[in-house]
Amino acid sequence: MSRDTRDGASERGSELLAAYVDGVAELSTDERRRIEARLALDPEARADAAELRALLDQLRALPPEGSAPDWAAMERSIHHAVGREVPRPWWRSWRWLAPTATLATAMLVLLVMWGRPATLGLPPGGERIVGHDLGHDRRDEPAAFAQPGDEVVPLWLDGDEVDVTLSANDLLGDPAPGDPASGDPAPGDPASGDPAPGDPASGDPAPGDPASGDQLGLLPSGDLAWVDRLDDAALARAERWLAGETANPGAPPRRKG
Amino acid sequence: MESLAIGLPVLERPSPVTASDPDRELAERFRDGDRAAFDLLVRRHQKGMWRLVRRYVKRDADAADVTQLAFVRAFRGLTAFRGTATVRSWLYRIAINCALSWLRDHRREQPTEIAEDALTDANPAPAQLSAGDDRAVLKRAIAQLPPKQKLVLELRVFDDLSFREVAELADCSENTAKVNFHYAVKRLRDILGADHEP
């Protein structure tokens, strides 16, 4: 064989010869035509191809290395080693992250809203009302709920009456009794002539007393200045109404109790 | 076997090239949670993977361990298989990586093949070659090939992979794999010819 005399161009033309001999179907049509044209014209290339063919047959006849293991045992061993559960790729696991996170966030927001007094905004000019403390007993945290001096107003919706009992002090005590700014003496102050809340003489429960309005879950109001603007006649009417003596169609909904 | 007009026998063996990967369906079933699909893949490829690993790892038991490790890794990664390669070449890539990793970890424990080579004359005359000698000479000639050509030749001849799969495993283009294969066979022939020349 004159392999040493073969020129570079010829070598490049035949560098797919082994691939052609070993698996003609894996060559493109162009590659196949090129090799076949060369084989048709060049007897040396044909001899070369025949030698390559023989060598490949020899290689394929080589026995595999080693002694084959027990395939069934290996199969069982692999079956046990990999486990039962089909693993899921990370993106399939994370596919549930977004809805889960959304749900968790929504639940967290709900818990926060229901677990502490919510502040409800009113339209501009409207009165600011501190919302109900729902689902959470704040008896031990009076400062966080109805502070002494806070006004407690009835909450009604669309004219539906509120089934609560409310003392006059609860409604008319703005600003806080005893507050120097109010100019009123504190209840229980000898100057006031009124017994202190909680004093058996007053008939009013002390703040924090289970019988007091703040135990009824009423809403402390931020500003009840409109009460101060009532004239004496209106106040007297209100007091009579509160005492259950008269009905006042123009007043807030009638209280039961 | 196809015979050209020029009389040269050309191998028309069942093409390892597959337009549709026969293992793809099993991989998809596995991704959908079908555990049994993996068992079928194991049954289909454990022999080939073991043979491949055994060329790197010189003890049968070690080769079995490495093969099992490769399947465990394949099991964990098959759901992430992207399908850019065939499942078989993907499995074989894992097997090669496991074997190389094992070799790094057990470099000093590997038996040498001196004993086998010592039985063979360095340049035996063709007439002296028995079948066993032929095999030893061939193996030694293969061992002398450059690494890339050796890899391409072994994957093609011993593992019966398509050139596309060989290219995937050798990290080259399909055309480069074909050319490497050509030069590997030619070089092998040259080595054997030199050995057999008086």
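Residue numbering restarts at 1 for every chain, and letters A, B, ... go by the order of the sequence lines. Everything numeric here is computed off the predicted structure, so don't read it as measured data.
When heavy atoms are compared at a cutoff of 4.5 Å, B:Leu153 approaches chain A solely by way of its side chain, counted from C-beta outward. With a 4.5 Å cut-off on non-hydrogen atoms, A:Ile78 touches chain B through its backbone and its side chain both. For a residue to count as touching a neighbouring chain, one of its non-hydrogen atoms must lie under 4.5 Å from one of that chain's; by this rule B:Arg35 touches chain A with backbone and side chain alike. Both the backbone and the side chain of B:Phe71 come within less than 4.5 Å of a heavy atom of chain A. Proximity to chain B (any heavy atom under 4.5 Å) is shown, for A:Gln58, by both the backbone and the side chain.
Between B:Arg189 and A:Asp48 a salt bridge is recorded (basic side-chain N to carboxylate O distance below 4.0 Å). Note on A:Glu31 versus B:Lys178: salt bridge recorded, some NZ/NE/NH1/NH2 to OD/OE distance being below 4.0 Å.
Contact check for B:Lys150 versus B:Ile142: side-chain heavy atoms found under the 4.5 Å cut-off. B:Pro22 has its side chain out of reach of B:Arg88: every pair of non-hydrogen atoms, C-beta onward, lies at least 4.5 Å apart.
Within the 3.5 Å criterion, the main-chain N or O of B:Arg55 finds a donor-acceptor partner in the side chain of B:Lys58. The closest donor-acceptor contact from the side chain of B:Asn180 to the backbone of B:Thr176 lies under 3.5 Å.
Using non-hydrogen atoms only and a strict 4.5 Å limit, the part of residues 40-50 of chain B facing chain A consists of B:Val42, B:Arg43, B:Gln46, B:Lys47, B:Trp50.
To the nearest 0.5 Å, the span separating OG on A:Ser28 from CZ on A:Arg33 amounts to 9.5 Å.
Ring orientation note: the planes of B:Phe30 and B:Phe38 are tilted relative to one another, at an angle of 30° to 60°.
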